[in-house]
S.K.: 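Could you have a look at this structure, given as structure tokens, before my questions?
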Amino acid sequence: MLEESGGPCWLSEEVKTGTTIIGVEFDGGIVLGSDSRVSAGASVVNRVMNKLSLLHDKIYCALSGSAADAQTIAEIVNYQLDVHSVELGEDPLVRSAATLVKNISYKYKEELSAHLIVAGWDRRKGGQVYVTLNGLLSRQPFAVGGSGSSYIYGFVDAEYRKGMSRRETQEFVVNALTLAMSRDGSSGGVAYLVTIDETGTEEKCILGNDLPKFFDQ
Amino acid sequence: MALCTGANQTEPLSQHHDLVPDWTAHEVRTGTTIMAVEFDGGVVMGADSRTTTGAYIANRVTDKLTPIHDRIFCCRSGSAADTQAIADVVAYQLDLHSIVMNEPPQVKTAANLFRRFCYRYREELMAGIIVAGWDKRGGGQVFTVPIGGMLVRQPVAVGGSGSSYIYGFVDENFKPGMSKEECIRFTGKALALAMERDGSSGGVARLAAITEAGLERSVILGNQLPTFSSS
């Protein structure tokens, strides 16, 4: 694009994580997944960004919306959770982490434009997925977010079953991400997965050519 | 919009008063989910049945599957007035053409007539149309003419506001070589999923199967639609 001054147009566009994010509960834990594309207008400024951010050992959040806003919220809550868990003397609850995220999202809802899905495992309630869109707090068996999520509502509604195993849930998340990435221009790259259960946290990255193929590919 | 002369004002009533509901100021749209699938020997088409003006549902039993010829139908989405008018024009043109040619028209002819119209008047129109049917030269064919007036043939096409939510489902579940019954089940399920998520789609699911033998129309009522775990 030709510009008279000011350099390429993407320098003046806000950086957004276009995004598809998804969190699913299974019996004994959760799986969180995201794509890896960060766009500024039509330009992809990072094609390998990990949008699954650590809040605590067994609590992660998935970022979507404005990249700056989402990262800042995650950093602040990470700090607050650290302090909280030291005071408590034990690992924090997932609901506490989600409440901290919700408090920031709600208080600054006019200024911020980010949606975080908070998911993790704790001793009291096992695997949990919380939605904090626009400052609400709601626990759901599965949640999708980001611009790519519109295209997979039908798919997740049809395919989600209660009581899936760990492996089935990971496959479900990877399929959902792949479908969304192939339809949403703001989502793409590789798929990042985080699986959290009683025994620990497993991070995985699935490269583009290892993603499942669907009918028109 | 109603005009009221009172207290030296001659402004449209609906803008300032609660005397007239605000949906009278909104255009009538078919919010919609529409879909069409090809199979060997014909096509299956489906649509929801909701027409909205703003937040008011003007018609909850709309028939968005409109006949253009004996074996050619179209699914309408976008502005209800625009799509009805276009369908009328194309049906007339196609009728004339088939009399001149002395044989039933081809699906791609109907699709091209739609495209010609939608592209020429693209600035004035708001219409997304899926054309599908059977002819003896090409068998079952589905063409999509989205807003803007492009034309492309696809084995499966979805359209309307509710279609965004089922792209993933359709990509995952469509397989070439399905039978007519499988296509009908696939379309019914996809429509039900979209109707559940899209506020502008709902009501009943209307289905039509077109083959050489003829046309079979069916309706899936609200309480008979498949349900899903999240509801």
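Side-chain atoms are counted along with the backbone in the values below, which use heavy atoms only and exclude waters and symmetry mates. Each chain gets a letter, A, B and so on, in the order the sequences are listed, and its residues count up from 1.
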S.K.: Using heavy-atom distances under 4.5 Å, tell me whether Gln140(A) contacts chain B through its side chain, its backbone, both, or neither.
M.R.: neither
S.K.: CZ of Arg217(B): more than 12 outside heavy atoms within 6.0 angstrom?
M.R.: yes
S.K.: Among residues at least two apart in sequence or on other chains, which ones pass side-chain contact (heavy atoms from CB on, under 4.5 Å) with Ser218(B)?
M.R.: Leu207(B)
S.K.: As a test of understanding, state which of Tyr153(A), Phe214(A), Tyr151(A) forms a ring-ring contact (aromatic ring centres under 6.0 Å, His included) with Tyr167(B).
M.R.: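 Only one of Tyr153(A), Phe214(A), Tyr151(A) forms a ring-ring contact (aromatic ring centres under 6.0 Å, His included) with Tyr167(B), namely Tyr151(A).
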S.K.: Can you tell me how far the CZ atom of Arg197(B) sits from the CG atom of Asp157(A), to the nearest 0.5 Å?
M.R.: 4.0 Å
S.K.: Under 6.0 Å between ring centres, would you say that holds for Phe155(A) and Phe169(B)?
M.R.: no
S.K.: Side chain, backbone, both or neither: which part of Ala180(A) has a heavy atom under 4.5 Å from chain B?
M.R.: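 Neither part.
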S.K.: Can you pull out the residues in residues 137-157 of chain B with any heavy atom less than 4.5 Å from chain A?
M.R.: Pro155(B), Val156(B)
S.K.: Quick check on Gln224(B): does its CD atom have over 12 non-hydrogen neighbours (other residues, nucleotides or ligands) under 6.0 Å away?
M.R.: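 Yes - once you tally the heavy atoms of other residues, nucleotides and ligands closer than 6.0 Å, there are more than 12.
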S.K.: Nearest 0.5 Å please: distance from the CZ atom of Phe228(B) over to the CZ atom of Arg161(A).
M.R.: 14.0 Å
S.K.: With a 4.5 angstrom heavy-atom cut-off, is it the side chain or the backbone of Pro176(B) that approaches chain A, or both, or neither?
M.R.: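 For Pro176(B), side-chain heavy atoms alone lie under 4.5 Å from chain A.
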S.K.: Testing the basics here: between Gly168(B) and Ile152(A), what is the closest heavy-atom pair and its distance to 0.1 Å?
M.R.: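 Minimum heavy-atom separation between Gly168(B) and Ile152(A): CA-CG2, 4.3 Å.
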S.K.: Please flag which part of Asn173(B) lies under 4.5 Å from any non-hydrogen atom of chain A: side chain, backbone, both or neither.
M.R.: side chain
